[in-house]
Amino acid sequence: MEKIETSLSVNIGGIQMRNPVMTASGTFGYGSEYADFVDLNQLGAVVVKGVTSVPWPGNPMQRIMETPSGMLNAIGLQNVGVDGFISEKLPYLRDFDVPVIVNVCGKTVEEYLTVIEKLNTTGGVAGVELNISCPNLDCGGMSFGVDATLAYQLVKEVREITHLPLLVKLSPNVTDITVIARAVEDAGANALSAINTLLGMAINAETRKPELANVTGGLSGPAIKPVALRLVWEVYKSVSIPIVGMGGIMTAIDAIEFFIAGASAVAVGTANFVNPQASMEVVKGIHDYLNKKNIRSVKELVGSLKVD
Ligand SMILES: Cc1cc2nc3c(=O)[nH]c(=O)nc-3n(C[C@H](O)[C@H](O)[C@H](O)COP(=O)(O)O)c2cc1C
């Protein structure tokens with residue numbers, strides 16, 4: 001059989017990427033933390049830690065713990081705030097030839113808008129990923145991402161003030177993720193990220209205390225991969241915008257499974273803590289898989305699940 005040239009490049013909601021592998025927000029710092037292990041220029045995109053309108057201190061310790069095949073975290077979105085991000089973190093990333101996607105969070109719509117307005121006028125931002133899992137203070141702390149109306153309103157208001165490519169990150173902690181996915185697509189999202197962490201908790205049987213100071217936290221890692229695959233597949237069947245799949249991706253084969261379920265790109269998260277070079281290995285493994293199977297483009301895999 002004649003050997004064909006494989007292409008890893010993808011376009012996610014207007015962001016042109018050399019390959020479909022991004023870093024998952026909150027697991028790769030602001031990029032510089034991993035620069036000794038990863039050539040940032042070889043990534044599809046760098047998605048930075050969630051940024052808010054003012055610096056957030058995060059939750060009290062204990063904030064992370066290992067679980068069977070995963071981890072629980074309740075970091076509480078500790079970050080330097082949008083001004084600190086623009087002045088201290090972004091200049092470093094601008095030196096690389098890689099799209100920078102800024103994950104944005106807020107406790108009110110206004111807080112999100114404040115961050116977006118500042119990112120609009122800053123060079124070096126390729127796109128925005130809205131984390132809609134934040135508690136909404138105007139709604140008693142209910143997350144934006146669990147209510148279709150709240151999610152729609154937030155995304156619509158953000159859409160009205162920015163031309164930056166807009167990814168919206170879906171929460172798995174909902175009854176029907178497709179309702180939220182369609183609402184944010186209607187509100188003008190260019191792409192979806194799926195999934196954020198699953199709510200969980202851990203208890204110490206000796207002390208009868210929760211292991212995390214925040215009591216509950218977000219579960220991530222291989223333990224959530226089957227849930228994430230199922231949700232990506234459901235979302236894929238419901239929307240026409242591209243999906244960035246994530247949740248427990250440790251290897252290239254995990255990533256391939258997400259493409260087959262309907263993701264057009266993937267993000268590597270918790271794996272970065274176990275193996276700081278995981279993202280690079282995933283890029284190489286996808287390339288090798290395509291070559292071995294004589295598949296021209298990763299796009300051919302997207303949504304190719306064979307269901308009888
Ligand atoms: C320590 C930690 C911090 C995270 N911080 C963020 C964040 O700031 N914003 C966000 O949208 N998601 C955040 N996430 C969720 C990840 O980006 C990702 O959606 C989730 O962990 C599932 O992927 P994984 O199983 O590969 O880690 C965080 C996850 C972890 C483990």
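Every heavy atom of this structure was used, including side-chain atoms; hydrogens, water molecules and symmetry mates were not. Since the model is a prediction, treat every value here as computed from it, not as a measurement. Both counts, for ligands and for their atoms, begin at 1 and track the order of listing.
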- May I ask you to check whether Ser193 and Glu129 show a side-chain donor-acceptor distance below 3.5 Å?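 Side chains of Ser193 and Glu129: pair found under 3.5 Å.
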
- Message: I'd like to know whether CD1 of Ile64 has more than 12 heavy-atom contacts from other residues, nucleotides or ligands below 6.0 angstrom.
- Response: no

- Message: Tell me whether the count of non-hydrogen atoms from other residues, nucleotides or ligands lying under 6.0 Å of NZ in Lys237 goes above 12.
- Response: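 Above 12, so yes.
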
For ligand 1, which atoms sit closer than 4.0 Å to a heavy atom of [X]?
X      : answer
Gly50  : 8 (O)
Gly248 : 24 (P), 25 (O), 26 (O)
Lys49  : 5 (N), 8 (O)
Leu77  : 7 (C), 8 (O)

- Using the ring-ring contact (aromatic ring centres under 6.0 Å, His included) rule, collect all pairs that involve residues 115-170, keeping only residues at least two apart or in two chains.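 Qualifying pairs, neighbours excluded: Tyr112-Phe144.
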
- Task: Check whether any N or O atom of Ala271, backbone or side chain, sits under 3.5 Å from an N or O atom of ligand 1, and answer yes or no.
- Result: no

Any idea which of [options] brings a heavy atom closest to [atom]?
atom                    : options                      : result
atom 1 (C) of ligand 1  : Asn73, Leu170, Asp254, Val51 : Asn73
atom 9 (N) of ligand 1  : Val47, Val48, Asn103         : Asn103
atom 27 (O) of ligand 1 : Asn79, Thr52, Thr270         : Thr270
atom 21 (O) of ligand 1 : Gly247, Gly218, Ser220       : Ser220

- Check ion pair Lys284-Asp288 (N to O, under 4.0 angstrom): yes

- Would you call Asp97 and Arg18 a salt bridge, using N to O less than 4.0 angstrom?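 A salt bridge links Asp97 with Arg18.
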
- Consider ligand 1: state whether an atom of it lies below 4.0 angstrom from any non-hydrogen atom of Ile195. yes

Starting from [atom], what is the nearest protein heavy atom, named by residue and atom, and what distance separates them?
atom                    : result
atom 28 (C) of ligand 1 : Ser25 O, 3.3 Å
atom 3 (C) of ligand 1  : Gly26 O, 3.4 Å
atom 20 (C) of ligand 1 : Thr197 CG2, 3.8 Å
atom 15 (C) of ligand 1 : Asn196 OD1, 3.5 Å
atom 12 (N) of ligand 1 : Lys169 NZ, 3.0 Å

- Go through Val47 and Phe28 one step at a time and tell me if the side-chain contact (heavy atoms from CB on, under 4.5 Å) criterion holds. CA-CA 8 Å; Val47 183; Phe28 204 73; over 6 Å; no

- Any disulfide bond (SG atoms under 2.5 Å apart) involving residues 53-125? Give me the pairs, sequence neighbours left out, ordered by first then second residue.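 Of all non-adjacent pairs touching residues 53-125, those that pass disulfide bond (SG atoms under 2.5 Å apart) are Cys105-Cys134.
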
- Verify, without hydrogens or angle tests, whether Asn190 (side chain) and Leu166 (backbone) share a donor-acceptor contact under 3.5 angstrom. yes

